[in-house]
Asker: 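The following block contains the structure, expressed as structure tokens.
Just so you know, ligand 1 is whichever comes first in the structure, and atom 1 is the first atom listed for that ligand. As the structure is a computational prediction, the values presented were derived from the model and not from experiment.
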Amino acid sequence: MAEEKNELMEKIESLCKRRGFVFPSSEIYGGMANTWDYGPYGVELRKNIKDRWWKKFVQDREDMVGLDAALIMNPKVWEASGHLKEFKDPLVECKKCHIRYKADELNKKWNKYVCENCGGTDFTSSKNFNLMFKTFVGPTEDVDNIAYLRPETAQGIFVNFKNIIDTTRKKLPFGIGQIGKAFRNEITPGNFIFRTREFEQMEIEYFIPVPKKDKDWEKYFEGWRREMIDWMKDLGIDVKKEIYELNVPKEQLAHYSKKTIDFEYKFPFGQKELYGLAYRTDFDLKSHRLDYSDENGEKFIPHVIEPSLGVDRSVLAALCSAYKEEKTPPQPSPSKGEGATRVVLKLPNWLAPVKVAVFPLLKNKPELVKKAKEIFDNLKTNYACEFDDNGNVGKRYRRQDEIGTPYCVTVDFDSLENDDVTVRDRDSMKQVRVKIKELEDYFRDKLD
Ligand code: GAP
């Protein structure tokens, strides 16, 4: 499908490239369509997301444990899970320009399907296309050696259910969390890092007792719905304005799901799925012939609630919510003329790749550089810090605003006299003088 683009998305993509968040992959060889590499700030941002998710949902909860399963599993896993048979998208091709579409995403105009690329209205009949990436394990490429890259992290959790019960003696209800890569041979990747063929998931399979009454699972589902909303708020998303909860219609549910809510985010290119929350019933454990024994030795198959979050979509939504363009007062006199426009990423402090940037006012004054370095060395033991002495201070502020750094510290000539520095706040752009010996306390209050 012709990639939907708009001006805001192009600005965000360009900032990501310019400032080192996301690069087109294999760029020196002409790139690789819809494949991206995370640069120095992107990797920090992703790590902050994954670390916070892990702490909030795995480490801080007594009813959760973690796992890191293999990407390539025994192909029997995918047979049992239903993915070999069911994990398919309907594919059609425009007969004129040969662009391929997911049949259910084709645009209909006046009762006719229309190719977004060439306007053609003649398509091949729909063929089911399995989304799993196939590979061969070992040197011979024969049928016996076929294996798949996992299309979801979830199955690694299900097939380890017994190992985890045996080693942790967890009692229901409890959950297993995992962060890791998943691969899907998507028919229509695109919209920057929104839909790619290689991506990362943060998934929880939360095991609950067999619902005695039909609605017993709903309280767990509702609990996780609230947790996901809190998480999105934490990410800096204005949930009321930017999120739409779609109750996925029955005919569109995945083969394992009895109920799914898609949390759709208002991306610049349209309202699309950010995360999913599914009630997978006992489908998976039953498929793998796994069960659970309670204190009385009674055996049964637990049911599952699954909050599933994409790391890359978290990055994109956080960037979209944080991206702001603001008019700044004219310099040097606020009363004269038009101000410039500044671009700023108003990321939550925990998410910002750099928390504090430290500048000497001038790079060719060794006394300023020495003092700034001392402050930097001290602060960097607690926070992700950056030392910058390039260009004038205005340019340095602009750069830090664009990567979302909440605070900048400048060492000037007064610092040498008074042992204090200027601390500038990213959002208000207000500057205050803080004694150097009080800097740690100052940031502890703001950043911890
Ligand atoms: N285990 C359930 C599962 O995989 P899903 O709705 O297919 O459900 C869960 O995927 C999440 O993974 C999505 O909500 C999205 O955040 C992310 N995701 C799925 N496909 C993706 C893709 N091609 N590119 C980037 N993220 C993707």
Asker: What I want to find out is whether R225 reaches E245 closely enough, with some N-O distance under 4.0 Å, to be called a salt bridge.
Answerer: yes

Asker: Below 4.0 angstrom from a heavy atom of G310, which ligand 1 atoms are there? Numbered from 1 as shown, please.
Answerer: 16 (O), 17 (C)

Asker: Dump the intermediate steps for ring pair (Phe, Tyr, Trp, His ring centres under 6.0 Å) on Y148 and F133, then the final yes or no.
Answerer: CA-CA 6 Å; Y148 302 90; F133 270 101; over 10 Å; no

Asker: Under the salt bridge (Lys or Arg N to Asp or Glu O under 4.0 Å) test, which residues partner D441, sequence neighbours left out?
Answerer: R444

Asker: Could you check L235, I237, L45 and say which one makes a side-chain contact (heavy atoms from CB on, under 4.5 Å) with S314?
Answerer: L235

Asker: Compute both the distance and the angle, then confirm whether R424 meets the cation-pi test with Y407: under 6.0 Å from the six-membered ring centre, within 45 degrees of the axis.
Answerer: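 Verdict for Y407: no cation-pi partner in R424.
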
Asker: Could you identify the single nearest non-hydrogen protein atom to atom 24 (N) of ligand 1 and state the distance to 0.1 Å?
Answerer: T196 N, 3.1 Å

Asker: Between D312 and ligand 1, find which residue part has any heavy-atom pair under 4.0 Å and reply side chain, backbone, both or neither.
Answerer: neither

Asker: With H255 as reference, evaluate K85, K88, E86 under the side-chain contact (heavy atoms from CB on, under 4.5 Å) test and give the passing residue.
Answerer: E86

Asker: Enumerate the atoms of ligand 1 whose separation from the nearest heavy atom of Y256 is less than 4.0 angstrom.
Answerer: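 The list of qualifying atoms is 2 (C), 3 (C), 8 (O).
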
Asker: Check the side chains of T196 and N34 for a donor-acceptor pair under 3.5 angstrom, ignoring hydrogens and angles.
Answerer: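 Checked: N34/T196 side chains show no N/O donor-acceptor pair below 3.5 Å.
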
Asker: Who's the nearest protein heavy-atom neighbour of atom 16 (O) of ligand 1, and how far?
Answerer: L274 O, 2.6 Å

Asker: Partners of F300 by ring-ring contact (aromatic ring centres under 6.0 Å, His included), sequence neighbours excluded?
Answerer: Y292

Asker: Using a strict cut-off of 4.0 Å, indicate which atoms of ligand 1 neighbour a heavy atom of R195.
Answerer: 23 (N), 24 (N)

Asker: Identify the closest protein heavy atom to atom 7 (O) of ligand 1: which residue and atom is it, and at what distance?
Answerer: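 It is R184 NH1, 2.7 Å.
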
Asker: Just need the protein heavy atom nearest to atom 9 (C) of ligand 1, so name the residue and atom and give the distance.
Answerer: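 Nearest neighbour among protein heavy atoms for atom 9 (C) of ligand 1, to 0.1 Å: S308 OG, 3.0 Å.
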
Asker: What protein heavy atom sits nearest atom 13 (C) of ligand 1, and how far off is it?
Answerer: E273 OE2, 3.2 Å

Asker: With heavy-atom distances below 4.0 Å as the criterion, list the atoms of ligand 1 near E152.
Answerer: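 It comes down to these atoms of ligand 1: 1 (N), 2 (C), 3 (C), 4 (O).
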
Asker: Counting both backbone and side chain atoms, is some N or O of Q201 under 3.5 Å from an N or O of ligand 1?
Answerer: yes

Asker: What residue and atom, counting heavy atoms only, is the protein's closest point to atom 3 (C) of ligand 1, and at what distance?
Answerer: E203 OE2, 3.6 Å

Asker: When you measure from the side chain of N74 to the backbone N and O of V77, does any donor-acceptor pair fall under 3.5 Å?
Answerer: no

Asker: If we only count N/O pairs under 3.5 Å, is E205 in contact with ligand 1?
Answerer: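 E205 vs ligand 1: no N/O contact under 3.5 Å.
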
Asker: Which of the atoms of ligand 1 are close to G276, meaning less than 4.0 Å from one of its heavy atoms?
Answerer: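 Answer for ligand 1: 14 (O).
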
Asker: Identify, for atom 18 (N) of ligand 1, the protein heavy atom at the shortest distance, and state residue, atom and that distance.
Answerer: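 That would be F199 CE1, 3.5 Å.
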
Asker: With heavy-atom distances below 4.0 Å as the criterion, list the atoms of ligand 1 near Y275.
Answerer: 14 (O)

Asker: Which one of L277, L274, N247, V248 satisfies the side-chain contact (heavy atoms from CB on, under 4.5 Å) criterion with D262?
Answerer: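 Result for side-chain contact (heavy atoms from CB on, under 4.5 Å) with D262: V248.
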
Asker: Mark yes or no for whether R342, through its side chain, and K327, through its backbone, hold a donor-acceptor pair below 3.5 Å.
Answerer: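 Not confirmed, R342 side chain does not pair with K327 backbone.
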
Asker: Please could you name the atoms of ligand 1 that R280 approaches to less than 4.0 Å, counting only its heavy atoms?
Answerer: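 This gives 1 (N), 2 (C) as the contact atoms.
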
Asker: Which atoms of ligand 1 are found less than 4.0 Å from any heavy atom of F194?
Answerer: 24 (N), 25 (C), 26 (N)

